[in-house]
Every structure is written in structure tokens, then in C-alpha cells.
Amino acid sequence: MTEHTVDRLLAEIQRRILADDARRRRRKRLVTAAGGLLACVAVTGGALAVAQANDTAKTVSVCYEAASAQSDAAEVGAAPMDGTVAALPSMASRVAFAEAQCEVVWQIGLLGSDAPQGGAEAPTLFTCVLADGRLGVFPAEGSTGCETLGLPQP
């Protein structure tokens, strides 16, 4: 072999080594970028699922038998059954819906032994926001309100 042939073979070997090294670096960058993108998608999807679950839970309201958070209660709500994702309704809509549902609960006699039975009139109700974001609907008893129960008003 001549010196020229040896130089040419060494140059070819060096070119292949550099090409392999460049390919490995590109592959490593691609895998890193793909992994980062996948992690971002997973975190974002998880956060959206948690936010939607919290909003769906907040569409449930609690009807209380007395003006006390420790009294007997019934949960009512209208969560979508078909998996529809929608924005949480406005607070005014949530309050009106919760009070209407709780009036029905009282009218059909689901709360306590002293509750009205079958078509009787429901008591005057007031609504507070519970610690978990749901609405609590209480019968008005004297001057009891959200402040006396230690709960915020909606």
C-alpha cells in the first residue's frame, strides 16, 4: 500500500467516526426533546383532568336539615353523565340551582323526621360556600347566616 492510499483510508475512517458521532448526538437530542414534550403533555393533561374533576365535584350541593354543618344532609347535583367537559357555571347559577334542588329535597321529605311530607312547602333557604368549594344550603333559622356558621357567602 502506498502512503497516499493509507492517508485516504485514514481520512475515510475519520469521516465515518465523525459521522457516527454526529448521528448519536442528533439521536440523543431528539430523544431528549421527545421525552420533554411527552412529559409536558402528560403534566398538562393531568392538570386539566384534575381541574375538571374539581369543577364537576363543585356542581354537587349539600342540603342540610338544620342551620348547622353537623346536621343531617343530602347531596344533590347534576354532573354530566356523558363525559362532557364544560366550564363551571357562574356562582349565581350554581346558587339558584342548588336552592331549587334543595327545595325539592325538602318538599319530598328526604330530610329528617320533621321534614315536610309530600308536596309541603320548603322552608326559606340560604346558601353558603363549604370548605371544599361545594355549596351548602341551609334552612333559615332565626338570625343564623353564613357568618354565624363560619362559612363564606357565595
Side-chain angles (χ1 to χ4, degrees), residues 15-154:
R15 185 191 65 75
R16 287 183 182 184
I17 290 172
L18 291 174
D20 284 346
D21 189 42
R23 240 188 326 266
R24 275 190 229 111
R25 280 184 275 142
R26 278 193 305 270
R27 182 175 295 138
K28 185 177 179 180
R29 278 184 276 173
L30 180 63
V31 168
T32 302
L37 180 62
L38 182 62
C40 287
V41 168
V43 168
T44 302
L48 290 174
V50 167
Q52 180 59 34
N54 289 342
D55 284 351
T56 300
K58 288 179 185 177
T59 62
V60 174
S61 303
V62 183
C63 307
Y64 288 93
E65 180 182 24
S68 167
Q70 285 74 39
S71 67
D72 286 341
E75 283 191 358
V76 294
M81 295 305 207
D82 62 356
T84 303
V85 177
L88 189 64
S90 70
M91 184 58 79
S93 297
R94 288 178 59 206
V95 168
F97 189 67
E99 289 180 356
Q101 287 180 318
C102 289
E103 282 181 15
V104 171
V105 167
W106 276 90
Q107 288 173 352
I108 62 175
L110 291 179
L111 287 176
S113 59
D114 296 339
Q117 297 295 317
E121 199 171 311
T124 303
L125 302 172
F126 69 94
T127 304
C128 304
V129 179
L130 302 174
D132 61 4
R134 296 179 301 163
L135 297 178
V137 182
F138 302 88
E141 296 174 356
S143 63
T144 303
C146 293
E147 300 81 24
T148 56
L149 295 175
L151 298 170
Q153 291 183 346

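The residues of the chain are indexed from 1 along the displayed sequence. As the structure is a prediction and not an experimental result, all values here were calculated from the model.
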Where do [X] and [Y] come nearest, in terms of heavy atoms and distance?
X	Y	value
Cys128	Pro154	CA-CD, 4.1 Å
Ala67	Pro139	CB-O, 3.6 Å
Glu141	Ala66	OE2-CA, 3.5 Å
Val76	Cys102	CG2-SG, 4.3 Å

For Thr127 and Glu99, which I'm curious about, is there any donor-acceptor pair between the side chains at under 3.5 Å?
yes
Ser71 and Ser68: side-chain donor and acceptor closer than 3.5 Å?
no
Roughly how far apart are [X] [atom1] and [Y] [atom2], rounded to 0.5 Å?
X	Y	atom1	atom2	value
Arg23	Arg26	CZ	CZ	7.0 Å
Phe97	Leu135	CZ	CG	11.0 Å
Leu149	Tyr64	CG	OH	9.5 Å
Thr124	Glu103	OG1	CD	9.0 Å

What I'd like to find out is whether the side chain of [X] reaches to under 4.5 Å of the side chain of [Y], using heavy atoms alone.
X	Y	result
Gln101	Val105	no
Val137	Trp106	no
Phe138	Thr144	no
Leu151	Val129	no
Arg25	Lys28	no

Give the C-alpha distance, both sets of side-chain angles, the deciding distance and a yes or no for salt bridge (charged side-chain N to carboxylate O under 4.0 Å, His left out) between Asp20 and Arg16.
CA-CA 6 Å; Asp20 284 346; Arg16 287 183 182 184; over 6 Å; no
Restricting to side-chain hydrogen bond (donor to acceptor under 3.5 Å, both in side chains), what partner residues turn up for Glu75, sequence neighbours left out?
Arg134
